[in-house]
Structure formats: C-alpha cells, structure tokens
Amino acid sequence: QYMTRFKQREFVEVNHLMDFRTLLLIFLVLCPASSVQTVKKVELKIDASAKIAWTDANYICATIDWWPKEKCDYNQCPWGSASIINMDLSHPFLGNAIRAFKGLRLRLGGSLQDQVIYGVGNLRSPCHPFTKKKDGMFGFSEGCLRMQRWDELNNLFKKTAALVTFGLNALYGRRRSYRHVWEGNWDSRNALDFIKYTVAKGYQIHSWELGNELSGNGVGASVNAVQYGKDVIQLHNLLNQVYKNFRERPLLLAPGGFYDPGWFSKLLKVSGPGTVNGVTHHIYNLGPGSDAKLADKILNPDYLDRISNTFSSLTQTILRNGPWASAWVGESGGAYNSGGPNVSNAFVDSFWYLDQLGMAAKHHTKVYCRQTLIGGNYGLLDTETFMPNPDFYSALLWHRLMGTGVLDVKSSGSPHLRSYAHCTKDRAGVTLLLINLSSQIEYAVDIQPSDADIILQYGEQKNHKTKSLVHELKESVSWIGSRSSDVKLSREEYHLTPEGGNIKSRKVLLNGRLLQLTGKGNIPTLSPVLKNLKSPVSVEPLSIKFIVFPNFSSASCR
C-alpha cells in the first residue's frame with residue numbers, strides 16, 4: 001500500500017514535470033524571438049558637410065551573358081534561355097523590369113565574349129551558334145552574333161531606355177602560345193565592321209569594352225599588359241574614326257578582368273592619358289556557388305570586409321597611373337560558376353549585394369554591374385519565369401533613393417550593423433542604408449549629425465552638438481514652402497524582410513507587404529512608411545532598411 005501511494009505521487013510529479021516541459025516547449029516554439037533577441041544601442045554619425053566620393057547617376061548596372069543552355073555547373077544547368085543569343089526579348093516582365101529603372105545600364109559580355117564573331121562583313125568562318133566542344137575554351141566552340149539578333153536586341157534597348165555597354169572579342173586574330181597565354185596583335189577588322197553597322201543603324205551604345213577576364217593570369221586565357229595597352233590604343237583610334245562626326249563618342253572600358261595591381265598599372269601607363277575612360281574589374285569574393293557555407297560567408301562582417309582592400313588598391317593604382325579614368329565594377333555575382341542555388345537568388349544575397357554597393361561607392365566606384373540581369377542562379381530575374389528575385393527590389397530601391405554623393409558614416413556599434421549614406425537622389429535630403437547581419441540583435445540607432453550639417457530651409461542655422469539628429473531637425477528645419485515651424489516632420493522608411501523570416505526565401509516584403517508583380521506584370525509600387533521624426537530608429541535582426549531624411553539639408557547635398 002505504501003508503494004502504491006509512492007508510485008501515485010511519483011506519477012503525479014512526473015505528470016507535472018511533463019506539463020511544465022510541454023508548456024515551455026510550446027512557449028519557445030510560439031515565441032522564439034522573445035527568448036533570444038536582444039536590443040543593442042548604436043550611435044551613427046553622418047557627416048554631410050562634404051562628399052567623400054561620387055558615383056554615376058546610373059550606378060546600378062546588370063549584365064546579360066553569352067552562355068547557351070548547355071552551360072552547367074555542379075550537376076545543374078541554370079541558364080536555360082536567358083542569354084544574349086536565346087533570351088525571349090518580347091517577354092513583358094523583361095521590358096517592365098528594365099523600364100522600372102528609367103535608364104538601367106546593361107553590360108553585354110561574359111566568359112564566351114572572346115569567342116564571339118559578328119555576322120557582318122567578310123567573315124573568316126561561317127556564322128554558327130555556340131556548340132559544346134571538349135577542347136574549346138570553357139568547353140564551347142566559337143559562336144556568332146547574327147545582325148538580325150543584334151537588331152532585335154537594340155529594339156529592346158530603345159524601348160526600355162537602357163544604357164548599353166558592349167564587350168568586344170579581344171582574342172580575335174591572336175594565337176595561343178602556351179597554356180592560357182595568347183600572343184599577337186588584336187585583329188580589329190571584324191569589330192570595326194560590327195561597330196560601323198551599329199552606327200549606321202543608329203543604335204546608341206554608351207560604352208565599348210575590350211575583352212573579358214584576360215588580365216593577370218586570366219581566366220581561360222591571358223594577354224600581356226603591354227600588348228593589351230597597344231590594343232586599347234587601337235580601339236580608341238577606331239572609335240575616334242567611326243564617331244568622328246558625333247558630338248559625343250562612347251566611352252572606352254578595359255580590361256574587364258580580375259584586379260592585378262602590376263598588370264592594371266602597366267595597362268594604364270602603356271595606353272596613356274585619355275585612352276581608357278573606365279577601368280573595369282570583376283569581383284566574385286564569395287567563392288564557388290557550390291560552397292555549402294555560402295550564406296554564412298554573407299552574414300560574416302569580417303568576410304565581407306576583405307574585399308575593401310581590392311577597392312582601395314585599385315583606387316590608388318588609378319590615381320598613380322591613370323587619374324583620367326574611373327573605377328567600374330564590370331561584373332560581380334558574389335559566387336562564381338553561376339552562383340549558389342537558394343542563396344544567390346534568395347533574400348540572404350541582398351545582405352552581400354547592398355553591402356558591396358555601399359562599399360564600392362565609398363571607394364570611388366562609378367558604376368557597379370551585377371551578374372546578371374537574368375541567367376544563372378544570381379540573376380535579378382528568375383531564369384524561367386522572369387519574375388524578380390529579392391535582389392531586383394534591393395537594386396531598384398538603391399537606384400531610386402541613393403544619389404551620386406557619398407557621405408561618411410561613423411558607427412560606435414557592432415560590425416554586424418552595416419551603414420551607408422548618400423545624398424538622396426533627385427531631391428534634398430540624406431538617405432541612410434542600414435543592414436543588420438545579426439540573427440539575434442535588434443539595433444536601436446541614435447543618429448547624430450556632424451558639425452554644421454543641419455541647415456535651415458529658411459532662417460538661421462543651428463548647431464547643438466549634444467542633441468540627436470531628430471531633435472536637431474525638429475528645432476532647426478521646416479518643410480520647404482511652409483511658414484510654420486510647428487509642421488510635423490517625418491522620415492521615410494523602406495524596410496526589407498524575407499517572407500516567413502526565412503532568409504533563403506525567394507520572396508521579399510517591403511514594410512510587411514509582399515512584393516509581387518501586378519496582374520499586368522508591372523513592377524509593384526515601392527512605397528515607404530512615414531515615421532515621426534522623433535520616433536526611435538530600429539533595425540530588426542536579419543533585415544535591411546533604407547531611411548530617407550528629406551529635411552536633412554546641407555551644402556553638399558543640395
């Protein structure tokens with residue numbers, strides 16, 4: 001009987017324990033954020049007294065590649081019909097996506113660029129498409145661009161107001177001497193016929209680029225820097241000849257390869273003043289698309305910071321050897337070999353993409369070309385459906401909000417909170433980009449102005465160093481045209497989060513609203529939420545926020 005009562009009591013205690021554990025488990029499942037999320041205060045200081053760098057007004061650029069559908073990596077073939085030669089140019093989603101930027105830069109080029117012949121003039125071989133070739137460079141034969149296709153492409157560019165960069169075949173006429181090294185002069189005759197055809201048809205080309213990834217040791221092939229410099233001079237003279245009756249001639253870009261300090265320096269010295277307008281380099285700092293830890297790299301601030309050395313070194317190379325030229329990122333897809341599935345085309349990629357846009361701009365980069373507009377896993381648009389991936393909306397928000405003037409931002413907080421500021425595009429004010437890489441910390445941001453940043457729209461300038469930006473604005477700034485100093489001031493917020501909190505989601509929310517094409521296939525309206533200027537600024541874990549301060553006025557951002 002005693003044992004029976006003991007077992008009964010033990011049974012009750014076990015049940016109570018199980019009930020407690022069950023309730024605790026339910027609580028953790030339903031409220032995971034409250035159990036791990038913390039709030040950390042961070043102070044940011046925006047210096048709008050002077051710009052530290054400038055970008056081009058059309059900083060955002062996207063590439064269209066040459067890869068046929070047979071291009072495969074890691075047992076997947078993610079290109080389909082999404083290249084220069086086979087893309088459905090009439091797809092309404094494509095045109096709408098390009099038009100949304102009102103001047104999107106498009107760079108036509110890629111690995112097979114130096115195996116392309118142009119179907120015009122006296123060809124040395126028939127005009128056939130790319131085919132698989134075991135001993136061919138990158139596993140493909142030469143391919144030909146037919147002029148009918150070129151006409152169709154330019155029809156799209158004209159309808160969408162795209163700014164076009166075209167990459168020319170820089171290996172034409174050369175010979176392979178050993179391994180990847182190619183020697184001999186560039187034969188420009190086929191390129192000249194192609195450029196003449198383009199001009200005769202009235203097609204607008206913003207810039208011509210010579211070669212793809214032939215710098216340094218090259219990728220697939222390489223050319224000596226001295227020889228390349230001579231070839232660039234030849235292209236420069238060719239463009240002057242063809243465009244001699246034009247008020248403005250297209251820019252000349254080179255070399256479209258991975259940065260090698262010695263090689264790039266030699267190219268600029270040999271080609272000489274005024275020849276190369278834009279020094280284009282490629283970046284794939286996340287490694288191969290097959291890396292299982294690709295998302296972890298993106299969320300690691302130390303890893304993201306490493307590429308800053310390349311930007312800084314290139315800036316110095318240009319200043320010392322070619323100050324007449326500007327730096328362009330001619331191709332950057334994060335992860336090479338077509339990008340990483342469910343990473344490069346997912347929300348998580350925007351942490352890398354926007355961070356690199358901000359970093360490149362601070363290092364005097366004029367244009368940044370994303371690999372790709374469509375094609376591979378890293379396309380801004382889905383290869384099969386042409387639907388926008390999350391990075392498309394990130395690029396569009398940058399293009400619409402971030403102006404050409406780059407401002408300095410200093411932070412007292414964690415490197416997991418990335419911050420970049422520009423003068424707001426096409427209107428007064430400052431736009432701040434905040435990127436929270438942390439999965440557990442919400443940042444409460446106190447934004448401080450630097451000396452003399454805040455200026456009255458009318459009346460007297462005020463300067464209270466000890467007060468936050470929102471208090472400075474409240475006291476010293478009024479809406480333009482307003483006669484009342486008591487007008488309620490607001491800021492605009494554009495908060496990007498992944499659907500369901502899953503950073504590998506292919507869908508993105510703006511201020512809690514799912515972004516998706518309209519019934520007619522148009523890009524949705526990207527509307528901000530207005531927040532009282534005195535309300536606190538915060539950034540949730542694993543989210544991105546653009547904040548526009550329309551009343552943040554300074555001499556440098558007018």
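Count residues from 1 along the sequence. The analysis underlying the following values was restricted to heavy atoms, covering all of them including side chains, and did not include hydrogens, waters or symmetry mates.
Of all non-hydrogen atoms in V409 and S419, the two that sit nearest each other are CG1-OG, 3.6 Å. Minimum interatomic distance between A170 and G211 (heavy atoms only, all atoms of both residues): CB-CA, 3.5 Å. The two residues T383 and G376 have their closest heavy-atom pair at OG1-O, 3.2 Å. Shortest non-hydrogen contact noted between D382 and R506 is OD1-NH2, 2.6 Å. In terms of heavy atoms, I117 sits closest to E142 at CG2-OE1, 4.2 Å. When every heavy atom of M87 is checked against every heavy atom of R149, the shortest pair comes out as O-NH2, 2.8 Å.
No side-chain heavy atom of K71 sits less than 4.5 Å from a side-chain heavy atom of D65. Residues I318 and L314 are in side-chain contact: their nearest non-hydrogen atoms beyond the backbone lie under 4.5 Å apart. Inter-residue side-chain proximity for V529 and H495 is flagged as unmet; no heavy-atom pair is nearer than 4.5 Å. Looking at heavy atoms from C-beta onward, F157 lies out of side-chain contact with Q204 at the 4.5 angstrom threshold. Using a 4.5 Å cut-off on side-chain heavy atoms (C-beta onward), I435 and L437 make contact. Looking only at side-chain heavy atoms (C-beta outward), L397 and L526 come within less than 4.5 Å of each other. The shortest side-chain heavy-atom distance between P388 and L517 falls under the 4.5 Å cut-off. The closest side-chain heavy-atom distance from T424 to C557 is not below 4.5 Å.
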Run R249 and H236 through side-chain hydrogen bond (donor to acceptor under 3.5 Å, both in side chains) and show every step you take. CA-CA 10 Å; R249 73 169 180 83; H236 179 264; 3.0 Å; yes
Kindly determine whether H416 and Y443 satisfy side-chain contact (heavy atoms from CB on, under 4.5 Å), including the steps that lead there. CA-CA 10 Å; H416 284 84; Y443 289 99; 3.6 Å; yes
Going through the checks in order, is the side-chain hydrogen bond (donor to acceptor under 3.5 Å, both in side chains) test met by T497 and S543? CA-CA 5 Å; T497 54; S543 72; over 6 Å; no
With side-chain hydrogen bond (donor to acceptor under 3.5 Å, both in side chains) as the test, would you mind laying out the steps for R105 and S207 before giving the verdict? CA-CA 10 Å; R105 288 190 181 277; S207 46; 5.1 Å; no
The test is side-chain contact (heavy atoms from CB on, under 4.5 Å); show your working for L251 and W328 and say whether it passes. CA-CA 12 Å; L251 300 181; W328 288 37; 4.0 Å; yes
Test side-chain contact (heavy atoms from CB on, under 4.5 Å) on V537 and I547; report intermediate values, then the result. CA-CA 9 Å; V537 174; I547 306 176; 3.5 Å; yes
Could you walk me through whether Y420 and D355 pass the side-chain contact (heavy atoms from CB on, under 4.5 Å) check? CA-CA 8 Å; Y420 300 97; D355 184 70; 2.8 Å; yes
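A distance-only check finds no donor-acceptor pair linking the side chain of K159 to the backbone of R99 [under 3.5 Å]. Judged purely by atom type and a 3.5 angstrom limit, Q113 uses its side chain to pair as donor or acceptor with the backbone of L168. Formation of a donor-acceptor pair under 3.5 Å by the S83 side chain with backbone atoms of W67 is found in this model. N155 places no side-chain N or O within donor-acceptor distance of the main-chain N or O of D151, the cut-off being under 3.5 Å. Side chain of K297 to main chain of L286: a donor-acceptor pair is present (N/O by atom type, distance under 3.5 Å, no hydrogens or angles). Looking only at distances, no side-chain donor or acceptor of S344 sits under 3.5 Å from a matching main-chain atom of G339. Looking only at distances, a side-chain donor or acceptor of S505 sits under 3.5 Å from a matching main-chain atom of K507. Remark: side-chain polar atoms of Y59 are paired, donor with acceptor, to backbone N or O of A361 under 3.5 angstrom. Of the possible polar contacts, one joining the S332 side chain to the I283 backbone as a donor-acceptor pair under 3.5 Å is found. Formation of a donor-acceptor pair under 3.5 Å by the N436 side chain with backbone atoms of E540 is found in this model.
We find that R427 and E492 are joined by a salt bridge, their nearest charged nitrogen and carboxylate oxygen being less than 4.0 Å apart. Between E70 and K132, no side-chain nitrogen of the basic residue sits less than 4.0 Å from a carboxylate oxygen of the acidic one, so the salt-bridge criterion is not met.
One distance of note links CE of M147 with SG of C144; it measures 7.0 Å at 0.5 Å rounding. Of the inter-residue distances, the one linking C61 atom SG with F101 atom CZ reads 10.5 Å to the nearest 0.5 angstrom. Annotation: the span from T55 atom OG1 to K366 atom NZ amounts to 7.5 Å, rounded to 0.5 Å. The CD1 atom of I374 lies 9.5 Å from the CD atom of E384; values are rounded to the nearest 0.5 Å. Taken from CG in L210 to CG in D114, the straight-line distance is 8.0 Å, to the nearest 0.5 Å. Interatomic distance, CG of L163 versus CG of L104, reported as 8.0 Å (0.5 Å rounding).
Checked against a 6.0 Å centroid threshold, the rings of W352 and Y378 do not count as neighbours. Aromatic ring centres of Y259 and F311 lie farther apart than the 6.0 Å criterion allows. In this structure, F194 has its ring center closer than 6.0 angstrom to the ring center of Y118. The aromatic ring centres of W66 and F140 sit 6.0 Å or more apart.
Relative ring orientation between Y336 and Y284 is described as perpendicular, the plane-to-plane angle rising above 60° on a 0-90° scale split at 30° and 60°. Between F546 and W398, the ring-plane angle classifies as perpendicular under the 30° and 60° cut-offs.
No side-chain N or O of N285 forms a donor-acceptor pair with one of Y303 less than 3.5 Å apart.
With a 6.0 Å radius and a threshold of 12 heavy atoms from other residues, nucleotides or ligands, K51 has its NZ atom above the threshold.
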